[in-house]
Amino acid sequence: MNPPLITVLNGPNLNLLGIREPEKYGHSTLDDVESLCAEVAEGLGLAIDFRQTNGEGELITWVQECRGRAAGIIINPAGYTTTSIGLLDALLASDLPVIEVHITNIHRREEFRHHSFVSKAATGVIAGLGVQGYALALRAMAQLVAPADADDEG
Ligand code: DHK
């Protein structure tokens with residue numbers, strides 16, 4: 001059987017990880033985050049499709065494409081977190097478990113970062129744990145997509 005596919009989506013400016021405000025976002029690059037996710041996913045028996053875009057429309061199209069293809073979505077919507085009802089609607093329409101990840105603790109930052117439209121579609125939210133938040137999201141997703149009888153295996 002093929003391993004469940006988890007789509008890991010990254011929004012605007014996350015291509016600049018490692019360069020961008022490292023005191024907030026850390027020194028890992030997006031390639032480092034993809035390697036981390038690939039390693040953790042392999043250990044969990046998951047396949048990943050890891051992507052980044054600066055475009056809101058492209059992000060929405062990728063979410064739409066998850067329906068019927070992926071078993072779950074992990075998303076750092078970055079700047080679209082607080083602005084995009086289109087992204088929220090696409091996530092709701094996907095009918096998939098969604099985990100929202102933020103590298104920083106958005107609640108300790110400026111007030112305009114506190115309200116997330118995406119959270120309305122999220123099974124869970126991870127914020128403030130740096131890029132390890134992606135690894136934690138994969139671990140949580142493995143539980144969410146596991147067949148019911150696999151829960152007993154510890
Ligand atoms: C990343 C961004 O680009 C910001 O727009 C969000 C998020 C926070 C993060 O912490 O990963 O406000």
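Each ligand, and each atom within it, is numbered from 1 in the order the structure gives.
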#### Entry: Side chain Y25, main chain I19, donor-acceptor under 3.5 Å
no
### Message
For a quick check: using heavy atoms under 4.0 Å, what are the residues in contact with ligand 1, sorted by chain and number?
### Response
R20, Y25, N76, A78, G79, H102, I103, T104, I106, R109, R113
### Query
Taking it one step at a time, do L46 and L138 satisfy side chain to side chain contact (heavy atoms under 4.5 Å, CB included)?
CA-CA 9 Å; L46 300 172; L138 280 163; 4.2 Å; yes
### Message
Would I48 and L5 count as a side chain to side chain contact (heavy atoms under 4.5 Å, CB included) here? Give the steps.
### Response
CA-CA 5 Å; I48 58 164; L5 176 68; 5.6 Å; no
Show me, pair by pair, the donor-acceptor contacts under 3.5 angstrom made by side chains of residues 124-137, not counting sequence neighbours?
unit_1	atom_1	unit_2	atom_2	d
Y134	OH	N10	OD1	2.6
Y134	OH	N76	ND2	3.3

### Query
Would a distance-only check, ignoring hydrogens and angles, find a side-chain to backbone donor-acceptor pair under 3.5 Å from N15 to T53?
no
### Query
Can you check whether H114 and F112 have ring centres sitting under 6.0 Å from each other?
no
